[in-house]
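So the structure is just underneath, and the comments pick up after that.
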Amino acid sequence: MAIGYLTIQARTAHDAVPLSGVQITVSDNQGNTLYQLTTDENGETQEVPLETLDRSFSQNANFTGTPFISYNVLAQANGFNSFYVSEIPIYEGENAILPLALVPMQEAQRTPAQTDISIGKPAVSMHEMRGQEGPDSIPYVLRQVVIPDPITVHLGMPDATARNIQLSFQDYIKHSASSEIYPTWPTTSLTANIYAIITFALNRIYTEWYRGRGYPFDITNSTAYDQAFVYGGPVYESISKIVDEIFNEYVRRKGQNAPYFTSFCNGTTVTCDGLSQWGTVTLAERGLTPLQILRSYYPKDIEIAETNAITGAISSYPGTPLQTGSTGLDVQTIQTYLNRIRRNYPAIPAITDPTGDFQNSTKSAVTKFQRIFNLTPDGIVGKGTWYKISSVYTAVARLAELDSEGNTLGIGTIPPSSVLRQGSSGQDVITLQYLLNVIAEYYPDIPRPDQDGVFGSGTRQSVVAFQRIMRLDPDGIVGKNSWESLYHTYHGIQQNIPNHTPDSGTIRYVVQPGDSLWLIAQKYNTTVDAIKQLNGLSSDLLSIGQVLKIPAPQSTSVIQYTVKPGDSLWLIAQKYNTTVDAIKQLNGLTGNLLTVGQILKIPSSQSVSYTEYTVRPGDSLWLIAQKYNTTVNAIKSMNGLSSDMLSIGQVLKIPLS
């Protein structure tokens, strides 16, 4: 019997918060429990082997059976609603990564609800005709080809009443490709199909195919109109790695900017004028490249183009990979992002290299990040790694900013008594928009409204989406019932989401097989006694799945010091409040001898004295300074700004009073 693999990841808030301690049950279709797993500090289980069919079945267009064995996953966690995913296809030699976005229970909710999702066969095995329609000629709609981040997907036919899900463009393409084709196909075949899927989606965006018709979404998951997308389904590692490298590349005709309308079908039970999915396998086996395969189905003058216009991205990829030996502002940016992400993902090692200098500790942090997020763990920041780091940092920084805003607003426990509708304005609307923004981080159905104090059409869309989820009358009016539901949902998030704020002082850790207090203390640079005292433990015994609080490691920076006459390691360590061993380890020293003029790296502990703020439309340094009770000069000094100019999406450090 052949073997495939399954890994489960439980994270929330757009990957900003890993959920440790989630209990995972993997079962077969006869109801037999095969594995009982627990997610670790990264919200991930170990990779488990599962029996399946030989991969040759899924590479044979003439095979009429089901070329895989499917399995089921139940996910349960204290304070969260449960997830049950059935009919997950497992293929020989392929790792199916199942991302679970668990939703926190509401305040006072006694028992968890359960979301049921069935995956089933990919679209390539379907017999229904495709009805993909696109423009014969591309009208001039958008100025440039833009990657939407997030993209909004309608889970049904265009006019059907169905959920609208928001997710990153990369994740959408990974899920769509995993829902369309078999991951066991040759790499060039997979790449050609993924180019077609990317370009089809970008064509919908560029032509505003649905938005221009008044729909509040970018694309549907109906294969009768668009391409397959199973929300909550697995992503296969072979597909994921290709998408990370080409997600911003698309097919166009020479001399044109617009994405070509890349229609496709399976080419066996369903035929069409576009690409044949099964035909790409045959062409790949003949040795054709992805572009040659695409030119076999589309005009001969098509080419692969690239766009770096990505909505929501804080900074664009610099164009060349960052690796050991790289220096400069781009390296500093990645170091800053990773050190911030590390507060939520403590398994990422601290970066002790000089600012802007890509050396061993930066490579170690990058490599660990890549392992956590299923990227090639080569320690090189290429395009896929750059944008994933940027995406996770944006999500983490946004949560920290929302926490700060919540403290400023003083949400309290009693909802306002006002009735709000489109056209309302004022402080209660700001409170409403804030609550919707927080809830939208955990509910992908809810679009984020602008926090401008004006109840416009965008806020109404968010309110209606929230009311539908909570099974309230979706009238877009916020009265007593909607206010109470908003507050119950908000406080449920506050109660049940693990505390990852910088000043929390602790990390939540779930005990894994083989753990001991000594090993955990070594991992987090603390002591056994500190862990025991923090958790009220009277012995060293631990149980698998036990949740511990671990003293959070202080963030460290590195300063450069030039050795002077009379210096010794002990004197330097005393001066900078560190240890001789710490200096020796950081500099790779085996002895205590120093030479005058020698440059040393000195670890320097820094307490967090700032919060992070993302610039929005209408912001100015003066307004931000007023909001946080600081000064324009203090913000400029902390961020190294020489002028008052700001750009939307720019992340600022704001000094705390």
Closer than 4.0 angstrom, basic N to acidic O: yes or no for Asp301 and Lys254?
no
Do Asp149 and Ser168 have side-chain N/O donor and acceptor atoms under 3.5 Å apart?
no
Could you check whether the rings of Tyr210 and Tyr215 sit parallel, tilted or perpendicular, using 30° and 60° as the cut-offs?
perpendicular
Between Phe229 and His175, what is the ring plane arrangement, given parallel below 30°, perpendicular above 60°, and tilted in between?
perpendicular
Just checking, is any N or O donor in the side chain of Asn221 or Tyr172 under 3.5 Å from an acceptor N or O on the other one?
no
No-hydrogen, no-angle side-chain donor-acceptor test under 3.5 Å, Asn248 and Asn308
yes
If we ignore hydrogens and angles and just use 3.5 Å, is the side chain of Thr39 paired with the main-chain N or O of Leu19 as donor and acceptor?
yes
Is there a side chain to side chain donor-acceptor pair (under 3.5 Å) between Ser20 and Asp40? Walk through the geometry before answering.
CA-CA 5 Å; Ser20 57; Asp40 62 14; over 6 Å; no
Does Ser390 use its side chain to pair, donor to acceptor, with the backbone of Trp386 at less than 3.5 Å?
no
Give a yes-or-no answer on whether the side chains of Glu87 and Ser118 include a donor-acceptor pair shorter than 3.5 Å.
no
Testing the 3.5 Å rule here: is there a donor-acceptor pair between the side chains of Gln114 and Asn81?
no
Non-hydrogen side-chain atoms of Leu288 and Thr188 separated by less than 4.5 Å
no
Can a donor-acceptor pair be found, under 3.5 Å and without considering hydrogens, that links the side chain of Tyr387 to the backbone of Gly382?
no
Using a distance-only test with no angle check, is there a side-chain donor-acceptor pair under 3.5 angstrom linking Gln370 and Thr376?
no
Is it true that Arg211 and Asp218 make a salt bridge, defined as a side-chain N closer than 4.0 Å to a carboxylate O?
yes
Check Arg448 with Glu441, please: is the shortest side-chain N to carboxylate O separation under 4.0 Å?
yes
Establish, from distance only, whether the side-chain atoms of Asn203 and Thr262 form a donor-acceptor pair under 3.5 Å.
no
Would you check if the side chain of Ser125 reaches a backbone N or O of Pro122 as a donor-acceptor pair within less than 3.5 Å?
yes
Within 6.0 angstrom of Arg213 CZ, more than 12 heavy atoms from elsewhere:
yes
Could you tell me whether Arg11 sits above the aromatic face of Phe373, with NZ or CZ closer than 6.0 angstrom to the six-membered ring centre and within 45 degrees of the axis?
yes
Under a 3.5 Å threshold, yes or no: a donor from one side chain and an acceptor from the other, between Thr184 and Glu94?
no
Determine, using ring centers only, whether Tyr250 and Tyr260 are less than 6.0 Å apart.
no
Quick one: sort the Phe200 and Phe261 rings into parallel, tilted or perpendicular, breaks at 30° and 60°.
tilted
Distance-only polar pair, side chains of Asp54 and Ser56, donor-acceptor under 3.5 Å:
yes
Using a strict cut-off of less than 4.0 Å between a Lys/Arg side-chain nitrogen and an Asp/Glu carboxylate oxygen, indicate whether Asp244 and Lys174 qualify as a salt bridge.
yes
Salt bridge (charged side-chain N to carboxylate O under 4.0 Å, His left out): which pairs involve residues 114-132, sequence neighbours left out?
Arg130-Glu180
Under 3.5 Å, is there a donor on one side chain and an acceptor on the other for Thr223 and Asp226?
no
For Glu133, does the CD atom have more than 12 heavy-atom neighbours from other residues, nucleotides or ligands under 6.0 Å away?
no
Side chains of Thr280 and Asn193 only: does a donor on one sit below 3.5 Å from an acceptor on the other?
yes
Please check if any side-chain donor atom of Glu44 sits under 3.5 Å from a side-chain acceptor atom of Gln9, or the reverse.
yes
Any chance the side chains of Asp330 and Thr333 put a donor and an acceptor closer than 3.5 Å?
no
What about Phe247 and Phe169, are their ring centers closer than 6.0 Å?
no
Give the intermediate values and the outcome of side-chain contact (heavy atoms from CB on, under 4.5 Å) for residues Ile439 and Ile493.
CA-CA 8 Å; Ile439 294 167; Ile493 290 169; 4.1 Å; yes
Under a 4.0 Å threshold between the charged nitrogen and the carboxylate oxygen, would Arg252 count as salt-bridged to Glu306?
no
